[in-house]
Amino acid sequence: MRLLQAQRLHDTVCRCYENVKFYRDKLDELGVKPNDITSVDDLRKLPFTYKQDLRDTYPYGLFAVPREQLVRVQASSGTTGKMTVVGYTAKDIDDWAVDAARAITAAGGTKSDFIHVSYGYGLFTGGLGLHYGAEKLGAVVIPVSSGNTKRQIDILRDFGSNILCCTPSYAMYIAEAIQEMGLSPGDISLKAGMFGAEPWSNEMRLQIERMLGIKAYDIYGLSEIMGPGVSFECSEQTGMHINEDKFIPEIINPDTGEVLPLGEQGELVFTCITKEALPLLRYRTRDIATLSRDKCSCGRTLIKMSKPCGRTDDMLIIRGINVFPSQIESVLLELNLAAPNYQLVIERQGNLDTLEVQVEMTPEMFSDSVRFIEKTEKKMKSALLSTLGLAAEVKLVEPKAIPRSEGKAKRIVDNRKI
Amino acid sequence: MVIKQLSVFVENKIGRMAEITGIIGDANVDIRALSIADTSDFGILRLIVDKPEEALLALKENKITVSLTDVIAVGIEDKPGAFAKVVKIMSDAGISIEYMYAFISRSDDQAFVIMRVEDPDKGIAALNGQGIKLLCREDIY
């Protein structure tokens, strides 16, 4: 594996140097030539790539292939108004399908299973990622997409879905709805679920497993690297195997950039070594995790990562959607409501996350008329919906109502117990 | 005559009203009339006081969101039909009333009606010459 990785890494760095100005400039600056990269250990000679770099080169600046070779783009939310755009060649799509197919296999999926995909289809990588994986495996994919829980349950029951793919919170929601409809796990044919795109606890896993009568597997991925299937859980359920023939992981100290030894906790960094369209070098995921090479009872020898246990930035994941406080700030600023102070309050009601944006009233927003103030609230709500892709409640509060520590307002109150 | 009304943003929280009216009292300002418009999250407290500018300052010093709003005040006889007459004049003139509230005066048999319209001058022009008594600061404060 190390030899394969070294060879692929070298090839990738060559391609980056030749085709991506951003990387050529960076490597020249560091005095590193592609031929200096001959082993996996040489990784640390390479520069990091940040989400900000994707934003600075928006939309296609880091792509390494001409447009004719691209076959698809996908996008995720960026740290501010702009999205992060990623691209794929035909080979990338095929590789990704293999990654996702491996994940489905690890969750016990076979050719004869019905794979029920309730991740959103669209720019978000969740839906299409699992979809192609299921087809690659030769299973039967049911492309339900997200929403309409009643219909989800009808399909689960009538179509005989065997594996459910969605966010863990939506799985809980479906499980509860099934109970409310007076159905039991015996009425459906599910045997497993593949849940990802947001953090979830082991308690939640046990609850979902009990309520749906299934085994619940974690699946990890991010669009910048590929999409769902970068890593996946196996029957042992003690971490996720990384498809390290395609993505080399590192754990670093987020402050110093120093590479940490196996087993230590730090920021997860990935280098793509087979990607053609967007081969990112040492991409900072901002997820905090550990790596392990302990022998796995499933027989796979791929390195394992722990469930991410936090972030090194202020990104929130709400109903599977990435939300940065800075996005909300730019929405409010765009509405010309002076520079309002705001706070995000996230709750878990039942099993769905809710976001409330509390905004301190400014003289610009105030009026003696209720109608006028409610209009302002509505304007904020619809602007937030279109930017975040997430329905948020807006609550206007009095000036200085948001607590401040050392002059800085506390931006996030996360009351979810994950 | 245009009258100044204090408009105060009040979050729906226990004790908030006591705090705001306390500040007004401490500033030695007397409240003549009040009304509250409320939603599930917040309310707007509307006050007619004897010294609006002083109350405004005191509230602002305490970081309370407050503004002065121009409203019309009319004095009407405290008898059936008197109020309807005022509203009819406004509607005949095509003026829509954003909100209104009324209180009984201490002297003579009068009721005071406070009206908020988009253009107070237009409202006053409509009422003038219709036998409606428009009030000025001195009448109320």
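A note on names: the letters A, B, ... follow the listed sequences, proteins ahead of strands, and every chain is numbered from 1.
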Go through the atoms of B:S67 and report whether side chain, backbone, both or neither lie under 4.5 Å from a heavy atom of chain A.
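Both backbone and side chain of B:S67 come within 4.5 Å of chain A.
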Portion of B:V10 that has a non-hydrogen atom of chain A nearer than 4.5 angstrom:
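Looking at B:V10, backbone and side chain both touch chain A.
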Is A:D368 paired with B:R116 through a side-chain N to carboxylate O contact shorter than 4.0 Å?
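Yes, B:R116 and A:D368 are salt-bridged.
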Is it true that A:E398 and B:K63 have a side-chain N and a carboxylate O under 4.0 angstrom from each other?
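No.
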Within 6.0 Å of [atom1] in [X], more than 12 heavy atoms from elsewhere:
X      : atom1 : result
A:E374 : CD    : yes
B:K13  : NZ    : yes
B:E77  : CD    : no

Heavy atoms, side chains only, cut-off 4.5 Å: are B:E98 and A:F372 in contact?
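In short, these two side chains do not touch, never coming nearer than 4.5 Å.
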For B:I44 against A:S367, the heavy-atom pair lying closest together:
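Here B:I44 and A:S367 meet closest at CD1-O, 3.6 Å.
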Going from [atom1] on [X] to [atom2] on [Y], what distance comes out if it is rounded to the nearest 0.5 angstrom?
X      : Y     : atom1 : atom2 : answer
A:F366 : B:I64 : CZ    : CD1   : 11.0 Å
A:S369 : B:R46 : OG    : CZ    : 7.0 Å
A:I373 : B:D41 : CD1   : CG    : 11.0 Å
A:R371 : B:Y99 : CZ    : OH    : 11.5 Å

Residues B:F9, A:L396; criterion side-chain contact (heavy atoms from CB on, under 4.5 Å); working and verdict
CA-CA 10 Å; B:F9 180 73; A:L396 294 171; 4.0 Å; yes
